[in-house]
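Order of the sequence lines fixes the chain letters, A, B, ..., with proteins taken first and strands second; residue numbering starts at 1 for each chain.
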2 protein chains.
Amino acid sequence: MTDEGRRNVRDLRRANRARLLRQLYFHGPLSRQDLIQATGLSSASVSNVVADLLDAGLVVEAGAVESEGGRPRILLRVDTSCFEVIGIDVGETRIRLERFDLGLGELAALDLPVVGGSLDQEAVVTAIAAGLAELSADAAAPLLGVGIGVPGIVQHQPYAVVHGQTVGWDAFPLEERLREHTALPLFIDNGATTMAQAEMWFGAGRDADSAVFLLLGSGAGASVIADGAPFRGSTTSAGEWGHLNVQYQGRLCRCGARGCLEAYVGAEAVIARHAEAAQTAGAAGIDAADEEEALRLILATAEQSGPAGDAARSVLDETAVRIGVGIANVVNFLNPQRVIIGGWAGLALAPVLLPQIREVVREHALRLPYSLTSIDLGALGADAVARGAATLPVARLLEAGA
Amino acid sequence: MTDEGRRNVRDLRRANRARLLRQLYFHGPLSRQDLIQATGLSSASVSNVVADLLDAGLVVEAGAVESEGGRPRILLRVDTSCFEVIGIDVGETRIRLERFDLGLGELAALDLPVVGGSLDQEAVVTAIAAGLAELSADAAAPLLGVGIGVPGIVQHQPYAVVHGQTVGWDAFPLEERLREHTALPLFIDNGATTMAQAEMWFGAGRDADSAVFLLLGSGAGASVIADGAPFRGSTTSAGEWGHLNVQYQGRLCRCGARGCLEAYVGAEAVIARHAEAAQTAGAAGIDAADEEEALRLILATAEQSGPAGDAARSVLDETAVRIGVGIANVVNFLNPQRVIIGGWAGLALAPVLLPQIREVVREHALRLPYSLTSIDLGALGADAVARGAATLPVARLLEAGA
DNA sequence: TGACTTAGTTCGAGACGTGATTTAACCTGT
DNA sequence: ACAGGTTAAATCACGTCTCGAACTAAGTCA
């Protein structure tokens with residue numbers, strides 16, 4: 001009903017090995033004594049399991065702690081060079097592939113532009129296949145697997161199928177298609193989820209066990225972490241924060257409904273709203289090559305005085321309000337420990353809008369959950385999605401303990 | 001980091017015993033063969049563990065299946081008479097106590113009106129204490145514990161403290177206060193959560209493992225079930241569905257913010273909006289003794305033609321729209337398997353409004369999650385909260401397996 | 001009555017975790 | 001240099017667990 005596995009003594013061993021490995025992975029070099037403390041296992045068992053892990057080559061000794069009269073403790077750490085992983089960020093405008101060591105230290109990277117601007121399924125498959133071949137060619141250790149973050153809902157049935165309403169993917173069987181090009185284990189998940197995973201492991205979510213990550217890019221998504229694990233709905237499509245309705249009969253959203261948050265706060269929406277506002281104000285529009293530049297220009301315009309600046313400011317003010325309301329909804333409904341804003345547009349907008357956003361949240365959220373939440377920027381840069389994707393094979397390793 | 005326990009072989013046994021017990025509890029009388037299938041354990045272990053449970057008196061034999069040529073299978077079932085539990089629903093206007101057997105069959109009940117209509121803390125404590133004494137006096141089996149559903153946020157620190165903004169409780173240390181009057185194990189939780197628990201075990205949530213239960217009463221709350229267990233935020237105050245913002249700068253809510261869902265869809269809000277609409281339309285207002293009657297009258301008025309009927313209909317139409325939008329938000333953001341509408345106001349409104357609500361949800365939700373969700377009424381009556389509260393001690397027994 | 005079939009129990013083997021004991025490694029002071 | 005003290009890690013003996021196989025129990029069918 002709830003948890004599978006863990007029936008016989010062998011599973012028990014696996015679970016304990018996983019527990020130790022996890023502790024070592026996340027809490028740096030530790031001595032066996034520390035592990036006894038942290039896991040509650042007996043010293044005999046820790047010795048035993050550690051011997052296993054040393055044999056397997058997953059863990060190595062890492063010096064010793066200075067003695068204070070007795071035998072010094074030997075430190076242990078995960079051997080981050082014993083495996084490598086590949087993480088892929090399939091974005092709406094480019095595909096980024098990175099190769100990491102087991103500790104998620106970056107070893108190599110590759111940026112592939114998507115031709116024509118539209119995310120053609122065939123093009124994506126061949127691009128990923130080519131990138132994988134190139135990146136895995138000069139790996140110095142066995143590749144544990146490939147994690148892929150995609151812009152859409154991922155269903156495992158049992159092979160990953162992607163529904164990307166915004167990029168025109170309808171039940172795109174990505175895993176099966178890639179199977180033709182690689183034998184590596186594939187782990188496919190929503191990009192917002194992988195970003196959240198990266199922030200939870202190495203960024204703004206460290207040491208929290210419940211958080212909500214908002215991904216503001218062209219559109220707006222989210223990923224909910226509850227009790228340290230991503231919350232997936234019944235069909236793993238939870239987290240569609242951008243399609244919360246915040247205004248009945250409001251702006252038309254690209255999903256077809258009216259009044260979605262995404263119709264106000266995604267980069268695409270901000271740019272569209274600015275174009276309208278500028279026209280109304282009789283100010284000049286923005287002329288930019290891509291969305292990132294357009295957003296930068298809007299932010300710059302808002303610094304100016306005059307009608308153009310007023311128009312930009314009013315657009316940004318409303319953006320802050322809508323984001324704030326969207327966050328207040330999340331705070332009230334899910335009561336997370338932290339709310340983290342990420343995604344390229346979020347990272348561009350939030351530094352300017354954060355004070356306003358916080359104020360709007362305060363006005364719209366219930367006192368108790370609001371007082372127990374923090375609202376901050378993501379700590380990882382633009383490669384958080386790829387890095388988070390790479391955590392997927394690593395997470396599997398940590399769970400299996402082998 | 002995640003799960004405690006389950007370190008040594010003894011814990012393993014406990015877990016397996018719990019697994020079997022749970023299976024027997026929820027899936028009726030089963031033979032040992034069925035249990036082998038269901039749990040994946042070997043026949044030897046099943047025999048072994050079943051012998052334990054038989055010895056402990058938790059499980060008894062329940063006849064045999066007709067043979068088809070071989071030795072007949074002996075059926076086993078949980079002995080529902082070996083323990084009793086008490087469930088308490090602390091409502092805004094009355095306290096209901098019920099005594100159940102282990103299978104949640106009702107054995108006795110007690111309704112205590114709350115004097116003066118306000119939920120005075122002292123009065124609640126003494127009422128519960130008196131009710132407990134009366135109910136436990138003629139129990140035929142040992143009492144496993146007492147579950148209490150309360151109108152507010154419950155924090156365990158480590159003794160349950162209740163924050164009931166709507167009933168004027170501010171950090172009410174209910175558990176400690178009751179400790180003075182009883183030695184029985186106490187389990188205190190939010191009333192919406194216990195109702196959801198009851199529906200999950202015996203009602204509209206059976207066989208689902210993710211669902212959202214909407215509790216429409218005077219106000220509007222919710223309880224989220226994910227992977228079979230209630231989702232609690234970082235401080236157990238998740239589920240404040242009523243305070244999702246659905247209209248920027250909308251109606252004033254009693255929480256102080258503007259545009260909360262609760263300002264449109266709770267019974268209190270519906271009645272207030274109808275009063276305004278009737279006045280505008282020049283129709284007669286509603287004159288009722290309490291909210292339940294008022295709501296009934298509004299529903300009846302909507303059947304009439306003429307301005308009064310038009311006014312009532314428009315109020316109900318908007319109610320359906322707001323509920324629908326609120327559900328669409330839940331569907332998009334959490335992707336539940338089922339959405340269940342409960343609470344006295346929900347049970348009164350939904351039969352009439354459900355078609356409209358479903359249509360609004362369809363318009364506002366993303367296609368994929370919408371197509372995989374059902375929206376229905378709760379299957380349990382008004383005692384769902386008390387019954388759900390009673391499940392809490394039972395759940396503890398099932399988890400411990402002893 | 002006896003062959004056959006299926007259910008449930010018993011038994012020996014293998015694996016695990018634990019506490020106690022032993023061995024290892026280092027420090028201090030003489 | 002060396003003994004005595006101290007702490008870390010490995011080993012051992014024991015009890016518990018699950019499992020597969022062998023065995024017993026309880027029916028059916030001809």
Q.
Are the side chains of Leu30(B) and Gln23(B) in contact, using a 4.5 Å heavy-atom criterion?
A.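 Yes - at least one pair of side-chain heavy atoms lies under 4.5 Å apart.
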
Q | dT18(D) phosphate, OP1 or OP2, under 4.0 Å from Asn16(B) side-chain N/O | A |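 Indeed, a polar side-chain atom of Asn16(B) lies that close.
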
(Q) Can you tell me if Arg73(A) touches the phosphate of dT7(D), counting only side-chain N or O atoms and a distance under 4.0 Å to OP1 or OP2? (A)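 Checking Arg73(A) against dT7(D): no side-chain N or O falls below 4.0 Å of OP1 or OP2.
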
Q: Would you indicate which nucleotide in dC19(D), dG17(C), dC17(D) comes nearest to any side-chain atom of Arg13(A)?
A: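 Closest of the options to the side chain of Arg13(A): dG17(C).
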
**Q.** Sequence-distant partners of Asp52(A), salt bridge (charged side-chain N to carboxylate O under 4.0 Å, His left out), two or more places apart
**A.**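 Arg13(A), Arg17(A).
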
Q | Results of salt bridge (charged side-chain N to carboxylate O under 4.0 Å, His left out) for Arg14(B) - residues two or more places apart only | A |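 So Arg14(B) forms a salt bridge (charged side-chain N to carboxylate O under 4.0 Å, His left out) with Asp11(B).
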
Q) Can we say Arg232(A) and Asp189(A) salt-bridge, meaning some charged N sits less than 4.0 Å from an Asp/Glu carboxylate O? A)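 Counted as a salt bridge, because a side-chain N and a carboxylate O are separated by less than 4.0 Å.
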
Q.
Expressed as a whole number of angstroms, how long is the span from Leu20(B):CG to dC17(D):P?
A.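 One finds 15 Å between P of dC17(D) and CG of Leu20(B), rounded.
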
Q) When the distance from CZ of Arg14(A) to C1' of dT18(D) is rounded to whole Å, what number comes out? A)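 The distance from CZ of Arg14(A) to C1' of dT18(D) comes to 14 Å, rounded to the nearest Å.
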
Q.
Keeping Arg338(B) on the side-chain end and Arg206(B) on the backbone end, is there a donor-acceptor pair under 3.5 Å?
A.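 Checking the backbone N and O of Arg206(B) against the side chain of Arg338(B), a donor-acceptor pair under 3.5 Å is found.
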
(Q) Taking Leu392(B)'s backbone N and O only, do any of them form a donor-acceptor pair with Gln197(B)'s side chain (distance below 3.5 Å, no angle check)? (A)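 Not confirmed, Gln197(B) side chain does not pair with Leu392(B) backbone.
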
Q) Tell me, for nucleotides 25-30 of chain C in 5' to 3' order, what letter each nucleotide earns: B for a base near a protein heavy atom under 4.0 Å, S for only sugar-phosphate near one, - for neither? A) BBS---

Q) Can you name the nearest heavy-atom pair linking Leu76(B) to Leu24(B), along with the distance? A)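 Looks like O-CD2, 3.5 Å.
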
Dump the pairs, protein N or O against N or O of nucleotides 11-13 of chain D, anything under 3.5 Å, distances to one decimal.
none

**Q.** Angle between terminal axes - the helix from dT1(C)-dA30(D) to dT30(C)-dA1(D), 5 pairs each end, rounded to 10°
**A.**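 Axis-to-axis angle, ends of the helix: 10°.
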
Q: Assign each of Ile74(B) and Asn8(B) to its nearest nucleotide of DNA chain C by heavy atoms, then name whichever residue's nucleotide is nearer the 5' end.
A: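 Residue closer to the 5' terminus by nearest nucleotide: Ile74(B).
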
**Q.** DNA chain C contacts made by residues 30-38 of chain B, counting heavy atoms under 4.0 Å
**A.**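 Of all residues in residues 30-38 of chain B, the ones placing a heavy atom under 4.0 Å from DNA chain C are Arg32(B), Gln33(B).
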
